[in-house]
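One structure below.
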Amino acid sequence: MARHALTGKLVSGLGEGAGFTRTEWARRQFVELLGIDPYPGTLNLLVEDEDDFETWRAIRKQAGLTVAPPDPSWCNGTCYPATIGGAIKGAIVVPEIADYPTDKIEIIAEVELRRALGLADGDPVTLDVEA
C-alpha cells in the first residue's frame, strides 16, 4: 500500500452517518478490519483543489477494504485507512452507490474529530491515506 496526502474542506453532512456507524454489523466490521470502534457519525470533506481531486480519484481506484452488510438492501462500503490532521487514526468510508458524489469524503474515527481537532465548517483538513 502507498501513502497519499490530500486536503478537503470541512462541510456539514446530512446527519445519517451516526446511525450507520453504530449499526452492529458495521461497527463490528470497522473494529475487525480497521481497529476502529467509531464515534457516532462521520466527518465530511469536499475535495476542491484539482491536485487533491486527482489524488482522491487515484485512491478510489484502489481496492480498499470492504464493509459488507448482512442485508442486501444496504450498500457495501469501501474503506481506506487514514491519519487525520497528522495525529488521529481513522478511515475514509465510501458508500458503493452509483450517485455518490465524487468530490465527497466521509471519515470515521474513535473520537469526535471536530472537537478533537478544533474544526469548524470551511476549515481545511489534511489526510494521510493508505491505498
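Along the sequence shown, residues are numbered consecutively beginning with 1.
Rounded to the nearest 0.5 angstrom, D121 CG and K9 NZ are separated by 8.5 Å. Taken from CD in E50 to OG1 in T55, the straight-line distance is 10.0 Å, to the nearest 0.5 Å.
With W25 contributing its side chain and V67 its backbone, the two residues share no donor-acceptor pair below 3.5 Å. Remark: the backbone N or O of A2 is not paired with any side-chain donor or acceptor of E130 at under 3.5 angstrom. Looking only at distances, no side-chain donor or acceptor of D52 sits under 3.5 Å from a matching main-chain atom of D49. For Y80 (side chain) and V94 (main-chain N/O), no donor-acceptor pair under 3.5 Å exists by modelled atom type.
Side-chain contact between Y39 and R114: absent, with no pair of heavy atoms (C-beta onward) separated by less than 4.5 Å. By the 4.5 Å heavy-atom criterion applied to side chains, F53 and T102 are counted as neighbours.
By the rule that hydrophobic residues join a cluster once side-chain heavy atoms approach within less than 4.5 Å of another member, L34 and I92 end up as members of separate clusters. Hydrophobic clustering, with ILVMFWY side chains joined whenever heavy atoms are under 4.5 angstrom apart, groups L45 together with I59. Residues I107 and V93 fall into different hydrophobic clusters, defined by Ile, Leu, Val, Met, Phe, Trp and Tyr side chains chained together at heavy-atom separations under 4.5 Å. Taking hydrophobic clusters as Ile, Leu, Val, Met, Phe, Trp and Tyr residues chained together by side-chain heavy-atom distances below 4.5 Å, L117 shares a cluster with I105. Residues L127 and L119 are members of one and the same hydrophobic cluster, defined by side-chain heavy-atom contacts under 4.5 angstrom among Ile, Leu, Val, Met, Phe, Trp and Tyr.
With sequence neighbours excluded, the residues satisfying salt bridge (Lys or Arg N to Asp or Glu O under 4.0 Å) with D128 are R3. Listed by chain and number, the residues in a side chain to side chain donor-acceptor pair (under 3.5 Å) with T7 are T126 (sequence neighbours excluded). Under the rule for a salt bridge (Lys or Arg N to Asp or Glu O under 4.0 Å), the partners of E112 that lie at least two apart in sequence or sit in another chain are R115.
By the 4.0 Å N-to-carboxylate-O rule, D103 lies too far from R57 to be salt-bridged with it. A salt bridge does not link R28 to D37: none of the charged nitrogens lies less than 4.0 Å from a carboxylate oxygen.
V11 forms part of a hydrophobic cluster together with L46, judged by ILVMFWY side-chain heavy-atom separations under 4.5 Å.
Sorted by first and then second residue, the salt bridge (charged side-chain N to carboxylate O under 4.0 Å, His left out) pairs with a member in residues 60-72 form an empty list; sequence neighbours excluded. Residues in residues 86-102 take part in no salt bridge (charged side-chain N to carboxylate O under 4.0 Å, His left out) pair, two or more places apart or across chains.
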